[in-house]
2 protein chains.
Amino acid sequence: MHLLLVEDDHLVAEGLCRSLRQQGYSVEHSSTVKSAMQWLQNDEIELVVLDLGLPDGDGIDILKHIKKHRKNLPVVILTARGSIDDKVMGLDLGADDYLAKPFDPAELFARLRVASRRLTQAQTSTLKVGDVEMDTAAFTVSFQKEPVNLPRKEFMLLKALLENQGRVQSKQQLENKLYEWGEEVGSNTIEVHIHHLRKKFPKEFIKTLRGIGYVVGKR
Amino acid sequence: MHLLLVEDDHLVAEGLCRSLRQQGYSVEHSSTVKSAMQWLQNDEIELVVLDLGLPDGDGIDILKHIKKHRKNLPVVILTARGSIDDKVMGLDLGADDYLAKPFDPAELFARLRVASRRLTQAQTSTLKVGDVEMDTAAFTVSFQKEPVNLPRKEFMLLKALLENQGRVQSKQQLENKLYEWGEEVGSNTIEVHIHHLRKKFPKEFIKTLRGIGYVVGKR
DNA sequence: GCGAAACTTAAATAAAACTTAAGAAAAATT
DNA sequence: AATTTTTCTTAAGTTTTATTTAAGTTTCGC
């Protein structure tokens with residue numbers, strides 16, 4: 001799990017980095033508002049630990065920025081300021097948690113676990129045509145609820161078909177979807193893959209339109 | 001929004017009830033473990049504020065009960081005990097937040113807003129798939145109740161798999177979870193770690209989807 | 001029935017994953 | 001601080017599986 005630590009005190013930062021890594025996080029560290037903003041461009045950051053007292057700006061701005069652009073990126077605020085107004089402000093701006101210095105690392109870790117647990121929820125993108133269901137995120141396919149195992153190319157081909165239910169696609173079009181641009185295919189791969197797919201699904205599931213192409217689903 | 005306040009000090013309770021209602025919550029109040037448990041039968045309770053020091057039992061038991069029966073009911077713990085161990089314990093059991101007495105009501109309200117804002121379900125810090133159980137807080141793993149000792153990297157890899165039960169993850173995705181940003185991995189570490197994990201669990205526990213990735217659990 | 005297009009099959013080729021083992025790095029112990 | 005132990009990374013060799021190819025066969029529309 002990738003975590004961004006925004007902390008200007010180098011001593012504190014160093015110690016925290018080490019112990020966070022020990023906890024299993026991949027830690028990136030910035031000590032300025034500017035570099036923090038840059039790191040936040042990176043979509044793979046999944047968790048932020050944010051110190052509010054920074055030299056070149058206010059941490060609250062970072063928080064605002066995060067909540068504007070990446071609503072559900074969890075942020076744990078860390079600060080020396082202990083006033084209640086600060087806390088309330090931080091939480092209302094969308095921080096998920098708040099910790100006043102000095103704090104025990106164990107408590108930070110516990111709070112981070114809570115925050116990341118919240119994160120582990122999946123969004124499913126499923127395609128369905130007849131009894132055939134595909135979850136493109138999980139790379140799973142099922143026919144009449146029974147899981148079907150498909151090699152990569154077959155999976156991609158089926159996906160291309162399902163995504164265009166009812167629309168006929170030529171072999172050429174399908175080829176373009178399965179292969180890189182430069183990658184010439186000098187044979188009948190699509191036909192072969194179609195053949196393999198047909199063995200795993202009802203015979204008439206993938207229809208042929210001679211001279212035109214292939215379709216799946218209603219027409 | 002229906003909120004259950006579990007608090008034995010009648011003076012505190014009375015004040016809190018009033019101000020929580022002022023905040024717009026419908027507040028139910030219990031001052032004992034027993035009555036709290038009864039209230040929790042009611043599905044309409046959407047939020048719990050829980051004082052840990054109760055006369056006829058331990059508030060932690062209520063928390064355990066809640067997390068067992070209603071995983072995603074948010075709980076904010078309230079207590080005079082200020083020790084960090086208590087905090088960690090509460091959070092690891094699935095509490096969503098923690099507040100030490102004395103506290104400013106404004107902070108409690110802010111934290112409640114945070115808690116109710118998340119409709120996403122949280123779980124406790126243990127993951128389980130088949131006979132394999134992991135306590136991410138304690139860093140322990142067991143197979144058929146027998147403890148299994150895993151080095152850090154193997155632990156993290158297994159954790160990544162368990163957290164995504166039923167979802168296939170590519171080697172690249174797994175790598176991203178185990179390694180720092182800049183840290184290029186110029187080899188087949190994931191394969192090697194998978195190999196080692198497989199020696200410690202049933203052969204088919206971690207499934208390979210050639211060209212796609214690895215999964216654990218149902219499919 | 002003829003020719004083009006699609007289907008089937010099997011072998012050859014290529015790609016991915018598994019297994020080892022050894023050396024490097026990190027952690028624990030003295 | 002030095003030594004020992006454990007864990008991690010690399011890389012090469014091996015096995016397994018996927019993909020492409022190509023040749024033979026069938027099907028379809030004219």
Side-chain angles (χ1 to χ4, degrees), chain A residues 14 17-24 26-27 139 141 148-161 168-180 182-216, chain B residues 139 141 147-161 168-180 182-216:
Chain A
E14 208 169 300
C17 276
R18 183 168 313 119
S19 42
L20 285 168
R21 287 185 178 127
Q22 199 119 42
Q23 290 292 311
S26 302
V27 183
F139 276 103
V141 179
V148 177
N149 214 314
L150 296 184
R152 204 173 16 170
K153 280 272 149 66
E154 285 174 37
F155 183 91
M156 287 161 66
L157 177 55
L158 180 60
K159 180 169 165 225
L161 290 169
V168 185
Q169 297 178 91
S170 69
K171 270 187 287 204
Q172 189 53 57
Q173 284 176 304
L174 292 168
E175 239 172 50
N176 291 341
K177 291 184 182 183
L178 300 212
Y179 298 92
E180 297 296 320
E183 206 175 357
E184 298 294 317
V185 186
S187 77
N188 61 343
T189 20
I190 298 294
E191 287 173 14
V192 176
H193 287 313
I194 290 278
H195 176 57
H196 289 148
L197 279 174
R198 281 185 172 148
K199 290 202 224 165
K200 298 173 185 175
F201 298 101
K203 196 67 208 295
E204 283 307 298
F205 181 62
I206 299 173
K207 281 164 289 236
T208 301
L209 281 91
R210 196 160 255 261
I212 304 171
Y214 299 94
V215 223
V216 117
Chain B
F139 279 102
V141 179
V148 177
N149 209 308
L150 295 184
R152 242 185 317 285
K153 278 274 148 65
E154 284 173 39
F155 182 90
M156 285 161 65
L157 177 54
L158 180 60
K159 178 168 164 231
L161 290 168
V168 185
Q169 297 180 92
S170 68
K171 271 187 287 205
Q172 188 55 60
Q173 284 177 304
L174 293 168
E175 236 171 51
N176 288 342
K177 291 183 182 185
L178 300 213
Y179 298 92
E180 300 290 321
E183 203 177 0
E184 298 293 316
V185 187
S187 76
N188 60 344
T189 21
I190 299 294
E191 287 172 17
V192 175
H193 287 312
I194 290 277
H195 177 57
H196 290 146
L197 279 173
R198 281 184 172 149
K199 290 197 205 163
K200 298 173 185 175
F201 298 101
K203 196 67 209 295
E204 284 307 298
F205 181 61
I206 299 173
K207 280 165 289 236
T208 300
L209 281 94
R210 197 159 255 259
I212 300 170
Y214 298 95
V215 223
V216 118

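Each chain gets a letter, A, B and so on, in the order the sequences are listed, and its residues count up from 1. This one's a predicted model, so the numbers in the text were calculated from it and none came from an experiment. The analysis underlying the following values was restricted to heavy atoms, covering all of them including side chains, and did not include hydrogens, waters or symmetry mates.
Nucleotide D/dC8 holds its P atom 10 Å from the CG atom of B/Leu197, rounded to whole Å. Between the CD1 atom of B/Ile190 and the P atom of D/dA11 there is a distance of 16 Å, rounded to whole Å. Following rounding to the nearest Å, A/Lys153 (NZ) and D/dT17 (P) show an atom-to-atom distance of 19 Å. What separates CD of A/Gln172 from C1' of C/dA6 is a distance of 16 Å, to the nearest Å. Rounding to whole angstrom units, NZ of residue A/Lys199 and P of D/dA18 are separated by 13 Å. Here the P atom of nucleotide D/dT9 and the CG atom of B/Leu174 are 14 Å apart, to the nearest Å. As rounded to whole Å, 8 Å separates atom P of D/dA18 from atom CD of A/Glu154. Rounded to an integer number of Å, the gap from CG of B/Leu158 to P of D/dC8 is 13 Å.
Defining each end axis of the helix from C/dG1-D/dC30 to C/dT30-D/dA1 as the rotation carrying four pairs' C1' atoms onto the next four, with five pairs an end, the two axes are found to diverge by 40° to 10 degrees.
Side-chain contact between B/Val141 and B/Phe155 is present, with heavy atoms from C-beta onward closer than 4.5 Å. Under the 4.5 Å side-chain criterion, counting only non-hydrogen atoms from C-beta, A/Phe205 is in contact with A/Leu158. When side chains are defined from C-beta on, A/Thr208 counts as touching A/Tyr214, because their heavy atoms get closer than 4.5 Å. When side chains are defined from C-beta on, B/Phe201 counts as touching B/Val148, because their heavy atoms get closer than 4.5 Å.
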Please list, pair by pair, any protein nitrogen or oxygen found under 3.5 Å from a nitrogen or oxygen in nucleotides 22-25 of chain C.
none

Nucleotides 14-18 of chain C: which of its N/O atoms have a protein N/O under 3.5 Å away?
unit_1: C/dA16; atom_1: OP1; unit_2: A/Arg152; atom_2: NH1; d: 3.4
unit_1: C/dA16; atom_1: OP1; unit_2: A/Arg152; atom_2: NH2; d: 3.1
unit_1: C/dA16; atom_1: O3'; unit_2: B/Gly211; atom_2: N; d: 3.2
unit_1: C/dA16; atom_1: N3; unit_2: B/Arg210; atom_2: NH1; d: 3.1
unit_1: C/dA16; atom_1: N3; unit_2: B/Arg210; atom_2: NH2; d: 3.3
unit_1: C/dA17; atom_1: OP1; unit_2: B/Gly211; atom_2: N; d: 2.9
unit_1: C/dA17; atom_1: OP2; unit_2: B/Lys171; atom_2: NZ; d: 2.5
unit_1: C/dA17; atom_1: O4'; unit_2: B/Arg210; atom_2: NH2; d: 3.2
unit_1: C/dC18; atom_1: OP1; unit_2: B/Arg198; atom_2: NH1; d: 2.6
unit_1: C/dC18; atom_1: OP1; unit_2: B/Thr208; atom_2: OG1; d: 2.7
unit_1: C/dC18; atom_1: OP2; unit_2: B/Tyr214; atom_2: OH; d: 2.7

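Set against D/dT7, D/dT21, C/dT20, the side chain of A/Ser187 has D/dT21 as its closest nucleotide.
Taken to the nearest 0.5 Å, the CD atom of A/Glu175 stands 9.5 Å off from the CG atom of A/Asn188. Note that CG of A/Asn149 and CD of A/Glu154 are 9.5 Å apart. Values are rounded to the nearest 0.5 Å. In this structure, the separation between CD1 on B/Ile194 and NZ on B/Lys199 is 13.5 Å, given to the nearest 0.5 Å. In this structure, NE2 in A/His195 is found 11.5 Å from CD1 in A/Ile206, a value given to the nearest 0.5 Å. A distance of 5.5 Å separates CD1 of A/Ile190 from CG of A/Leu157, quoted to the nearest 0.5 Å. Expressed to the nearest 0.5 Å, how far CD1 of B/Ile212 lies from CD of B/Gln169 amounts to 13.5 Å.
For A/Leu150 and B/His196, each mapped to the nucleotide of DNA chain D holding its nearest heavy atom, the one lying further toward the 5' end belongs to B/His196.
In the displayed structure, A/Lys159 atom NZ is contacted under 6.0 Å by at most 12 heavy atoms of other residues, nucleotides or ligands.
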